[in-house]
Amino acid sequence: MHRKTLAELAAALRGGEFSSVELTRSVLARIKALDGQLNSLVTLTEEQALVEAENADALLAQGRGGPLTGVPIAHKDIFCTRGVRSACGSKMLDNFIAPYDATVVERMRRAGAVMVGKANMDEFAMGSSNETSFHGAVRNPWDTSRVPGGSSGGSAAAVAAGLVPGATGTDTGGSIRQPAALCGISGLKPTYGRVSRWGMIAFASSLDQAGPMARSAEDLALMLQAMAGNDERDSTSVERAVPDYHQGLSKSLKGLRIGLPREYFGEGLDPAVAAVVEAAVEEYRRLGAEVREVSLPSNHLAIPAYYVIAPAEASSNLSRFDGVRYGHRAENPADLEDLYTRSRGEGFGPEVKRRIMVGAYALSAGYYDAYYLKAQQIRRLIRDDFLRVFEDVDVLMGPASPSTAFALGAKCDDPVQMYLSDVYTIAVNLAGVPAMSIPAGFHQGMPVGLQIIGRYFDEARLLNVAHKFQQATDWHQRLPAAFQ
Amino acid sequence: MSLGPDEVKRIAHLARLAIDEADIPSYARSLSDILDLVERMQDVDTSGVEPMAHPLDATQRLRDDEVTEPNQRELFQSIAPATEAGLYLVPRVIE
């Protein structure tokens with residue numbers, strides 16, 4: 001069963017090939033047998049999953065099942081899940097049992113998906129390698145001495161190893177696309193505001209976006225269909241109809257105009273990764289697309305602007321963790337300030353502390369104009385770049401990451417080196433446009449991801465572009481040797 | 001941009017973060033590196049560029065001023081570190 005995609009599993013369930021209880025048991029058994037090598041899941045919700053699977057089977061028996069009914073999935077531990085620990089990779093929330101479901105969780109449940117567990121992640125989604133989690137590093141199923149990418153690395157590794165057919169992720173600076181690329185799966189970051197952020201533990205509110213991670217673009221379409229849409233509880237979620245993402249998947253790509261940003265193929269890109277991406281673009285030419293070079297001249301400013309905006313928003317968002325109402329609390333505080341500082345000092349790991357301090361500094365008196373305001377101006381320049389190129393092309397393509405997965409520990413002592421691994425993903429979050437990564441090939445046994453970037457709310461086209469490639473290639477169907 | 005130990009302590013205090021004395025030099029080094037990275041923004045002339053706070057230039061949506069949430073005090077306080085008589089307990093603030 002673990003070789004089937006989410007869409008294939010859903011169809012098999014509707015066809016009565018096996019029941020959701022059987023499928024869920026098999027998924028749970030596989031997780032228990034194999035996840036010791038990966039550390040991709042931090043909580044298993046076995047009892048609840050079997051109850052949800054029984055309910056799904058009852059619906060299926062009545063012929064009332066939908067496209068996700070009875071399919072097991074995992075949720076990134078950044079999403080609040082009612083009655084289930086929602087720790088966000090942090091000691092701060094290790095004892096936090098969420099009193100409600102995030103909108104994404106609620107919608108996936110309503111669509112019939114069965115939650116089997118919560119996926120490991122970088123602490124508060126801060127990281128590009130999944131090594132900052134309080135629950136320990138996640139390992140890449142293609143080579144367990146390497147990182148899976150972050151911060152949705154647990155979700156990516158679990159899907160790549162065939163432990164679950166799909167998982168949710170969140171992407172603030174590349175946290176869906178980069179781990180999807182390094183683990184060889186498909187992942188989509190929708191347009192900012194397309195999916196509700198309600199109940200998703202906030203990192204940088206103007207950049208955070210939830211999205212689906214799975215083996216194929218078709219799977220992503222099914223999951224996005226369930227997740228997307230306005231939510232009155234999130235005032236940043238947009239009031240805009242959700243199209244049928246499945247309908248246009250197989251549309252011909254003849255005449256599709258692809259732009260290759262010059263800045264995505266320059267210095268710093270591993271030539272082997274470039275070769276795989278170029279071969280994928282060549283495949284698109286064969287499928288009828290036209291390819292031209294374009295330029296995003298402000299791209300080099302994306303990382304500097306991001307490392308002001310994201311920490312500034314994080315320092316504000318994470319001020320709610322004060323040891324008073326929930327989460328970690330220091331013992332025997334002398335006074336209120338001692339309660340705050342020690343609870344936060346003990347509860348947060350070093351990367352989170354670093355970013356809170358950068359944010360506090362950038363927002364402090366005398367520095368606001370030089371840092372925060374400047375970064376917000378640069379953000380507009382970056383968005384204007386995208387608006388300009390999308391007048392001439394339909395999608396942009398390039399690498400999702402400058403290299404394949406690196407060794408565990410390789411960049412831990414140098415945060416700036418770590419930050420540079422998101423050089424091709426961050427501008428997308430600053431602009432708020434949708435983008436995805438799909439498996440495009442391998443280099444020395446490690447997967448390479450092709451990034452596809454689209455216009456605002458053009459997710460249907462991205463999925464179509466990805467699906468046609470996946471009909472012509474089989475990169476997305478491969479499983480790592482140890483997880484066959 | 002180079003931050004010294006005193007600045008790191010000041011920022012940690014602003015953020016209400018206790019950090020170990022022994023870790024201050026490494027925070028000073030990594031924060032300085034990050035600020036150097038960020039400093040590259042200063043090479044760009046952004047005069048006249050309107051800052052962008054929201055990717056879709058959306059404005060804040062308002063709703064009717066009505067109570068819509070039910071009282072869930074017991075549920076919410078069931079996960080609190082310390083409560084008494086329906087209130088959250090913190091160290092004494094007023095002597």
Side-chain angles (χ1 to χ4, degrees), chain A residues 95-97 99 192-193 206 232 235-236 238 300-301 303-305 307-308 315 319 322-327 329 333-342 344-346 348 350 353-354 356-358 360-362 364 370-371 373-381 383 415-416 419 430-432 456, chain B residues 1 3 7-8 10-20 23 26-27 29-31 33-63 68-69 72 75-83 88-93:
Chain A
N95 59 1
F96 178 63
I97 309 291
Y192 180 77
S206 78
E232 64 178 24
S235 65
T236 60
V238 294
H300 68 289
L301 298 168
I303 290 182
Y307 280 99
V308 171
S315 76
S319 65
D322 56 10
V324 174
R325 289 148 300 135
Y326 49 81
R329 180 177 198 158
D335 54 29
L336 199 56
E337 185 168 329
D338 186 44
L339 167 69
Y340 294 153
T341 55
R342 274 203 295 128
R344 290 162 62 76
E346 293 165 9
F348 293 136
K353 285 183 190 162
R354 251 194 303 267
I356 290 175
M357 285 195 278
V358 170
Y361 182 76
S364 62
Y371 289 109
L373 199 69
K374 184 89 178 174
Q376 295 287 52
Q377 289 173 312
I378 285 173
R379 191 172 184 182
R380 185 171 296 279
L381 299 179
R383 186 188 70 155
V416 168
Y419 296 173
L430 291 168
Y456 289 110
Chain B
M1 177 70 68
L3 292 184
E7 274 166 308
V8 171
R10 187 181 71 85
I11 301 165
H13 174 71
L14 279 177
R16 298 295 183 267
L17 272 180
I19 50 174
D20 286 341
D23 293 336
S26 97
Y27 278 119
R29 207 165 39 244
S30 59
L31 293 180
D33 287 350
I34 295 168
L35 291 174
D36 281 343
L37 174 79
V38 160
E39 212 53 39
R40 293 183 204 164
M41 294 191 307
Q42 307 306 336
D43 299 342
V44 188
D45 179 10
T46 51
S47 46
V49 178
E50 196 191 337
M52 176 176 135
H54 189 291
L56 305 169
D57 289 329
T59 49
Q60 182 64 36
R61 220 167 39 228
L62 300 175
R63 63 168 174 81
T68 53
E69 291 292 327
Q72 301 185 67
L75 176 64
F76 293 161
Q77 292 201 335
S78 66
I79 52 169
T83 58
Y88 293 96
L89 285 188
V90 294
R92 185 188 294 274
V93 178

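Below, chains carry the letters A, B, ... as their sequence lines are ordered, and counting in each starts from 1.
- Between atom OH of residue Tyr361(A) and atom CD of residue Glu7(B) there is a gap of 5.5 Å, rounded to the nearest 0.5 Å.
- For chain A, the option among Ser30(B), Ala15(B), Pro55(B), Ser78(B) with the highest count of heavy-atom pairs below 4.5 Å is Pro55(B).
- The distance from atom CG of Leu336(A) to atom CZ of Arg16(B), rounded to the nearest 0.5 Å, is 9.5 Å.
- When heavy atoms are compared at a cutoff of 4.5 Å, Arg325(A) approaches chain B by way of both its backbone and its side chain.
- The candidate with the highest count of non-hydrogen atom pairs below 4.5 Å against chain A, out of Gln42(B), Arg29(B), Arg10(B), Gln72(B), is Gln42(B).
- Between chain B and the options Gln376(A), Arg344(A), Arg380(A), the largest number of non-hydrogen pairs under 4.5 Å is found for Arg380(A).
- Residues Ile79(B) and Pro99(A) have side chains in contact (heavy-atom distance under 4.5 Å, counting atoms from C-beta outward).
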Under the side chain to side chain donor-acceptor pair (under 3.5 Å) criterion, do Tyr326(A) and Gln77(B) qualify, and how do the steps go?
-> CA-CA 8 Å; Tyr326(A) 49 81; Gln77(B) 292 201 335; over 6 Å; no
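- Looking at Val93(B), only its side chain comes within 4.5 Å of chain A, counting heavy atoms on both sides.
- The minimum heavy-atom distance linking Ile11(B) with Ala360(A) is given by the pair CG2-CB, 4.1 Å.
- Residue contact with chain B, scored on non-hydrogen atoms closer than 4.5 Å, involves the side chain of Tyr419(A) exclusively.
- Residues Val324(A) and Tyr88(B) share a closest heavy-atom pair of O-CD2, 3.7 Å.
- The two atoms that bring Met41(B) and Ala370(A) nearest to each other are CE-O, 4.1 Å, heavy atoms only.
- With hydrogens and angles disregarded, no donor-acceptor distance shorter than 3.5 Å links the side chain of Arg63(B) to the backbone of Ser235(A).
- Put simply, of Pro415(A), Ser319(A), Ala375(A), the one with the most heavy-atom pairs under 4.5 Å next to chain B is Ala375(A).
- Residue Ala431(A) touches chain B through its backbone alone, counting heavy-atom pairs closer than 4.5 Å.
- Note: Thr341(A) OG1 to Ile19(B) CD1 = 11.0 Å, rounded to the nearest 0.5 Å.
- Of the inter-residue distances, the one linking Arg379(A) atom CZ with Met52(B) atom CE reads 4.5 Å to the nearest 0.5 angstrom.
- Residues Pro51(B) and Leu373(A) share a closest heavy-atom pair of CG-CD1, 3.8 Å.
- Here Leu56(B) contributes atom CG and Tyr456(A) contributes atom OH; the two are 6.0 Å apart, rounded to the nearest 0.5 Å.
- Neither the backbone nor the side chain of Ser315(A) comes within less than 4.5 Å of any heavy atom in chain B.
- Both the backbone and the side chain of Pro333(A) come within less than 4.5 Å of a heavy atom of chain B.
- For a residue to count as touching a neighbouring chain, one of its non-hydrogen atoms must lie under 4.5 Å from one of that chain's; by this rule Glu337(A) touches chain B with the side chain only.
- Residue contact with chain B, scored on non-hydrogen atoms closer than 4.5 Å, involves the side chain of Val416(A) exclusively.
- For Leu339(A), the part lying near chain B is the side chain, with the backbone staying farther off; criterion is any non-hydrogen pair under 4.5 Å.
- For chain B, the option among Gly327(A), Ala334(A), Pro350(A), Ser364(A) with the highest count of heavy-atom pairs below 4.5 Å is Pro350(A).
- The line from CD1 of Ile34(B) to CE of Met357(A) is 9.0 Å long, rounded to the nearest 0.5 Å.
- Shown here for Leu301(A) and Arg40(B), the closest heavy-atom pair between the two residues is CD2-O, 4.1 Å.
- Summarising the geometry of Leu31(B) relative to Arg354(A), their closest heavy-atom pair is CD2-O, 3.6 Å, with the distance given to 0.1 Å.
- A distance-only check finds no donor-acceptor pair linking the side chain of Lys353(A) to the backbone of Ala12(B) [under 3.5 Å].
- Residue contact with chain B, scored on non-hydrogen atoms closer than 4.5 Å, is absent for Ala362(A).
- Of the two parts of Leu14(B), only the side chain, counted from C-beta on, holds a non-hydrogen atom closer than 4.5 Å to a non-hydrogen atom of chain A.
- Interface check for chain B: of the options Gly432(A), Pro304(A), Ala305(A), the most heavy-atom pairs under 4.5 Å are formed by Pro304(A).
- Counting heavy-atom pairs under 4.5 Å between each of Tyr192(A), Tyr340(A), Phe96(A) and chain B puts Tyr192(A) at the top.
- Contact annotation for Leu3(B): only side-chain heavy atoms (C-beta onward) come within less than 4.5 Å of a heavy atom of chain A.
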